[in-house]
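Model, not experiment: these values are computed from the prediction. Residue numbers count from 1 along this sequence.
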Amino acid sequence: MYTETAVFDLLLPGDSRSLKQKRAYVRPIIAMLRKFEVSVAEVGMHDLHGRALIGVAAVAAEPSHARDVVDTCEHQVAGRPEVELLSVRRRLYGDDD
């Protein structure tokens, strides 16, 4: 069993000046990522209205499949015109970890 995790650091648009506006950007991204059958949540920067950290985890029998799923998630987030993907931190966990 292999688990691939990723944390996406997002810069939200300038009009994201309240928690309600921040949620209006983050919730659709999380809903879209769930369609890829991954675990996903906002995992940081809760107190900053213009930034968000979204964590994704995929579990698979083969490391290549876990990697492919997280690659797809990364491409989908990077393709969102309303946010800027600043960085991605990824890690693969296997049976030896």
Side-chain angles (χ1 to χ4, degrees):
M1 179 177 74
Y2 295 89
T3 306
E4 175 100 11
T5 62
V7 177
F8 305 124
D9 185 358
L10 304 177
L11 178 64
L12 304 176
D15 68 344
S16 179
R17 292 195 172 106
S18 71
L19 182 58
K20 184 176 181 178
Q21 290 170 324
K22 179 179 181 176
R23 257 185 295 197
Y25 290 108
V26 173
R27 288 175 101 184
I29 293 170
I30 289 175
M32 177 266 303
L33 290 172
R34 284 196 175 125
K35 293 177 184 174
F36 299 103
E37 297 182 358
V38 295
S39 293
V40 58
E42 185 178 0
V43 295
M45 296 192 186
H46 300 285
D47 55 340
L48 298 176
H49 296 147
R51 299 278 296 277
L53 285 179
I54 296 178
V56 172
V59 178
E62 298 296 324
S64 60
H65 181 67
R67 231 178 273 119
D68 290 344
V69 171
V70 175
D71 282 344
T72 301
C73 292
E74 183 177 341
H75 292 302
Q76 292 293 317
V77 171
R80 305 281 296 203
E82 71 274 15
V83 298
E84 183 179 344
L85 181 59
L86 298 176
S87 68
V88 179
R89 291 184 310 246
R90 293 177 66 156
R91 182 152 183 209
L92 178 68
Y93 301 90
D95 291 332
D96 300 334
D97 294 324

Which pair of heavy atoms, one from [X] and one from [Y], lies closest together, and at what distance?
X	Y	answer
R17	Q21	N-OE1, 2.8 Å
E42	H46	O-CE1, 3.5 Å
A60	A66	CB-N, 3.7 Å

Query raised in the report: With ILVMFWY side chains joined below 4.5 Å, transitively, what does V59's cluster contain besides itself?
Result: M1
Requested in this report: Quick one: name the residues clustered hydrophobically with I29, using the 4.5 Å side-chain heavy-atom rule over I, L, V, M, F, W, Y, and just say none if it's on its own.
Outcome: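 Answer for I29: F8, L10, L12, Y25, V26, I30, M32, L33, F36, V38, V40, I54, V56, V69, V77, V83, L85, V88.
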Can you establish whether the number of heavy atoms outside [X] located under 6.0 Å from its atom [atom1] is more than 12?
X	atom1	answer
R80	CZ	yes
R90	CZ	yes
H65	NE2	no

**Report entry** Interatomic distance, C73 atom SG to R34 atom CZ [nearest 0.5 angstrom]
**Finding:**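 Going from the SG atom of C73 to the CZ atom of R34 covers 12.0 Å.
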Query raised in the report: If two hydrophobic side chains count as joined below 4.5 Å and joins carry through other members, does V7 share a cluster with L48?
Result: yes
**Report entry** Residue pair R51 / L11, side-chain heavy-atom distance below 4.5 Å
**Finding:** yes
Query raised in the report: Within a strict 4.5 Å, meaning less than it, do heavy atoms of the P28 and E82 side chains meet?
Result: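 No, too far: nothing below the 4.5 Å cut-off.
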**Report entry** Check: D47 main-chain N/O paired with K22 side-chain donor or acceptor under 3.5 Å
**Finding:** no
